[in-house]
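Worksheet for the structure shown next.
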2 protein chains.
Amino acid sequence: MTDAARDSIESGSALDEVTPSLIALVLEHLEHGRVDEIRAVTADLSPAGMAHLLEQVAPDSRNQLVGILKGHLDPETLIELDDEVREEVLENLGPKDIAAAAQELDTDDAAEIISVLPEIERREVLSELPAADRAVIEETLAYPEHSAGRLMQRELVAVPDTWTVGQVIDHCRDATDLPDDVYDLFVIDAERRLRGSVALGRMLRTKRPVPVVDIMDPDIPSIPVTADQEQVAHIFRDQNLVSCPVVDNERRLLGVIMVDDVVDVIDEEAEDDLARMGGVSGIDIHEPAARTTRSRFGWLFVNLGTAFLASSVIGRFEDELQKVVALAVLMPIVASMGGNAGTQTVTVAVRALAMGELTTANALRFVLKEIIVGGANGFMFALIVGAVTWLWFHDPRIALTIGAAMVINLVAAALAGTLIPLGLQWLRVDPAVSSTVFLTTVTDVVGFLAFLGLAAVFLL
Amino acid sequence: MTDAARDSIESGSALDEVTPSLIALVLEHLEHGRVDEIRAVTADLSPAGMAHLLEQVAPDSRNQLVGILKGHLDPETLIELDDEVREEVLENLGPKDIAAAAQELDTDDAAEIISVLPEIERREVLSELPAADRAVIEETLAYPEHSAGRLMQRELVAVPDTWTVGQVIDHCRDATDLPDDVYDLFVIDAERRLRGSVALGRMLRTKRPVPVVDIMDPDIPSIPVTADQEQVAHIFRDQNLVSCPVVDNERRLLGVIMVDDVVDVIDEEAEDDLARMGGVSGIDIHEPAARTTRSRFGWLFVNLGTAFLASSVIGRFEDELQKVVALAVLMPIVASMGGNAGTQTVTVAVRALAMGELTTANALRFVLKEIIVGGANGFMFALIVGAVTWLWFHDPRIALTIGAAMVINLVAAALAGTLIPLGLQWLRVDPAVSSTVFLTTVTDVVGFLAFLGLAAVFLL
């Protein structure tokens, strides 16, 4: 690789910018109180790089660093920070600093930062802002969290439907406050209702006297300001959009959502799905231990209920367990295989539901397929487990019992793994949150009941 | 909601376009062989909507639909289809149809479609293409899968560094084959080396005689053609890019990657992480049952090994189990709680590793925090489980034993949940794939060993 190529990689992502040796260097300077050196080595970091650096160091060092870099922080850094770390950094900045940062940011980003502040500080920051900015940010904050209204920025270029291409170009040349990341111009009527959009490339290629309405695309998608961010992501994905106008219920143009904000939403939703399936409230590596302990306790407590339920099933077979101790040795196998097979099915179902791939139109086909898969794997594992059990305990009856229980539990896992997420979705409960608890309840109970129950009938 | 707002939602995402009633209508027309009606009701669907419709219906109906819609399918539909369904649809199209579609698509999309064809058909399709298109697509296919070279499109606007704004605008006006979704122009030197970029908005606002080098941004990021798509996603995320030039190792401009392709990559990688954690090779709802059965068998087989290992631990305590049958009843609780607590930790670790949030700089802090969380929750659950056990079996010694085992196993789960993913990452094995198997091995073995071992020492 040549130096040019390496440079371009290194200037690419925050991971490449903030190397372990840079972190070590910063921490060393910090230890010796070398303020200027710290400012020098971090001066060229991108906002994402600076955010990554602040996330990587311990909270104490982070607070010191923020104190040192205060006046030199690019406001975009605040946007790139992880939620937990951002709260901490904001505590270290005064209302004046936060207000100054907010004024440099797009409205959606400024509102996001101000929204996480405690009530009192939020009011202080807002009072530091010029009246116009304050009004816009308060308006943004009035929309529900995770709505299109929160995601959109007000910075956009809207031109009247009476203009020509020449007038638009002259307007752009005269305006000094035009955002740099404009890709589409929006055409509006006298009531500010959205009539269409013109891609900048199109504008550039068209002669000056042509009216903009002649070259605008009138069939552009628009997003209602109350739409949920998940739906916004679906629209961007399905239509491969770079930006999309946001309208009120009279189709009046309110703002525009840019694709980079949608990328954040997509990351967030993927992370949420993963976190929920894993039984955590979020990817909380920056959260204090006490808070993490509390937030994870709830999920474990629910699982404890499931575990006791399974134990109570086992408790009904105390006599059998005492007579044939091999049952106690083998019984976790059936339950564990059911849990794993069911988790496979639930994972597929939850993601397919989230992406809209699993609907009423194909749900029945999906359930039937999973039963076939569960039955087929159940049969194969019955053979394997039966053979091992026979060799281990020299008793064909125990082998037959565990094999039969395996088939029953893997079919039960397929049924539970499909019907539980579908049922939760139908009840409008997020299937990612609670599917696995219900699933393991079913696979544990059915697993122990089938194995010990069959044993009680055939072995004793 | 007014009609306007509703319309704008309905024209938004594929989910809103393809309602259950539309699917039912299409299937009814299909049953009665009403070809014209099918073409009429699907004529206004976006490519994503058409793809969604084809994914939702049963394979038989899908093949019939493709036959009917063949000549009317927007080539973009092929891009939007799920991999499994796409293969099936391509089988129903001849090489001529596929070649015609490929010519209308951007190079990266055309290459993606052709890459999934079987070798013989691939050659047939390529031979149907004009020589220039064929050469470009073959060049794209020569780059490794999941590399920047595969993601980039060749369609871009590059202008010499000797031109003025006026020359560029005239060039754009004269060229008829300019792509519509251009957002940045690239400035190149005589050797086609990338010198910088100019946002279209900037171009529009600048007077004609100004040289492009005066308004170009020379510090733009660029991506080496060999970069992995995961790194491409990191760069787009961290720098909030809409498009990014791709260069060879002499920094010569080869193509451009657009953000909508990166959104697909982000979705794909999130899906992969989720799938791996759940023990499936992919979100396979469109895969035939036989193939799904085979692909899930492997993971279950590995888990069976774990389950037998756990059973062999239990087997060493047959005497104890026979004497105190309560042990058999209670033992799954300790193992199950350890597995769940460990899964919480692994979920956080795997995602934080994938996003680059967990690095050598903060790994030790993360491990220590998880041990504190595990110990604290272990202590609380020891109290709860001990109390319930005492009430159930009226034996304080069993209660003490299970409580102690709980603390031990939740600390073991924290250690295993952090060190296993970190170790796998260090060994350059994807932590998402195998962390949970190793984890449950640890939590099962430690869970049974601690509980039954302590019981053997203190109870008997």
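Chain letters run A, B, ... following the sequence lines, proteins first, then strands; residues in each count from 1. These numbers come from the heavy atoms of this one structure, side chains and all, not from hydrogens, waters or symmetry mates.
Neither the backbone nor the side chain of B/Ala310 comes within contact range of chain A; no heavy atom of the residue lies under 4.5 Å from a heavy atom of that chain. With a 4.5 Å cut-off on non-hydrogen atoms, A/Ile266 touches chain B through its side chain but not through its backbone. Both the backbone and the side chain of B/Leu304 come within less than 4.5 Å of a heavy atom in chain A. Both the backbone and the side chain of B/Ala58 come within contact range of chain A, judged by heavy atoms closer than 4.5 Å. With a 4.5 Å cut-off on non-hydrogen atoms, B/Thr360 touches chain A through its side chain but not through its backbone. With a 4.5 angstrom heavy-atom cutoff, B/Val57 touches chain A only via backbone atoms. Contact annotation for A/Ala349: neither backbone nor side-chain heavy atoms come within less than 4.5 Å of a heavy atom of chain B. Within the 4.5 angstrom heavy-atom criterion, only side-chain atoms of A/Asp82, from C-beta onward, approach chain B. Heavy-atom distances place no part of B/Leu327 under 4.5 Å from chain A, backbone and side chain included. If you measure heavy-atom distances from A/Leu27 to chain B, you find no contacts under 4.5 Å at all. With a 4.5 angstrom heavy-atom cutoff, A/Phe297 touches chain B via backbone and side-chain atoms both. Both the backbone and the side chain of A/Thr343 come within contact range of chain B, judged by heavy atoms closer than 4.5 Å. Using a 4.5 Å cut-off between heavy atoms, A/Met337 contacts chain B through both its backbone and its side chain. Residue contact with chain B, scored on non-hydrogen atoms closer than 4.5 Å, involves the side chain of A/Ser336 exclusively. If you measure heavy-atom distances from B/Lys207 to chain A, the contacts under 4.5 Å come from both the backbone and the side chain. Heavy atoms of A/Thr206 lying under 4.5 Å from chain B belong exclusively to its backbone. The parts of A/Arg296 that come within reach of chain B are both its backbone and its side chain, each placing non-hydrogen atoms under 4.5 angstrom from that chain. Residue A/Phe448 touches chain B through its side chain alone, counting heavy-atom pairs closer than 4.5 Å.
Using a 4.0 Å cut-off between a side-chain N of Lys or Arg and a carboxylate O of Asp or Glu, B/Glu80 and A/Arg237 do not qualify as a salt bridge.
A/Ala352 and B/Ile285 make their closest contact through CB-CG2, 3.9 Å (heavy atoms, listed as atom of the first residue, atom of the second, distance). Counting all heavy atoms, side chain and backbone alike, A/Gly279 lies closest to B/Gln344 at O-NE2, 2.7 Å. A pairwise comparison of heavy atoms in B/Met331 and A/Pro332 identifies CE-CG, 4.5 Å as the closest pair. Considering every non-hydrogen atom in both A/Ser311 and B/Leu330, the closest pair reads OG-CA, 4.2 Å. Across all non-hydrogen atoms, the minimal contact from B/Val329 to A/Ile314 is CA-CG2, 3.8 Å. Looking at every heavy atom in both residues, B/Ala361 comes nearest to A/Ile23 through CB-CD1, 3.8 Å.
Of the residues considered (B/Arg193, B/Arg365, B/Glu55), B/Arg365 shows the highest number of contacts with chain A, using heavy-atom pairs under 4.5 Å. Most heavy-atom pairs under 4.5 Å with chain A: of the set B/Ile384, B/Ile372, B/Leu358, this distinction falls to B/Ile384. Taking B/Val350, B/Val225, B/Val242 one by one and counting their heavy-atom pairs under 4.5 Å with chain A, the maximum is reached by B/Val242.
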**Report entry** Audit row: A/Leu274, B/Met277, side chain to side chain contact (heavy atoms under 4.5 Å, CB included) steps and yes/no
**Finding:** CA-CA 8 Å; A/Leu274 193 73; B/Met277 292 284 294; 4.1 Å; yes
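Judged by distance alone, the side chain of A/Gln56 and the main-chain N or O of B/Glu357 form a donor-acceptor pair under 3.5 Å. Judged purely by atom type and a 3.5 angstrom limit, B/Gln322 has no side-chain atom pairing as donor or acceptor with the backbone of A/Val325. Judged by distance alone, the side chain of A/Lys369 and the main-chain N or O of B/Glu287 form a donor-acceptor pair under 3.5 Å. At least one donor-acceptor pair closer than 3.5 Å links the side chain of A/Asn377 to the backbone N or O of B/Thr293.
B/Asp260 is linked by a side chain to side chain contact (heavy atoms under 4.5 Å, CB included) to A/Asn240, B/Met258, counting only residues two or more places apart in sequence or in another chain. Residues meeting the side chain to side chain contact (heavy atoms under 4.5 Å, CB included) test with A/Ala270, sequence neighbours left out: B/Ala270.
Relative orientation of the B/Phe308 and A/Trp392 rings is tilted, given thresholds of 30° and 60° on the angle between their planes.
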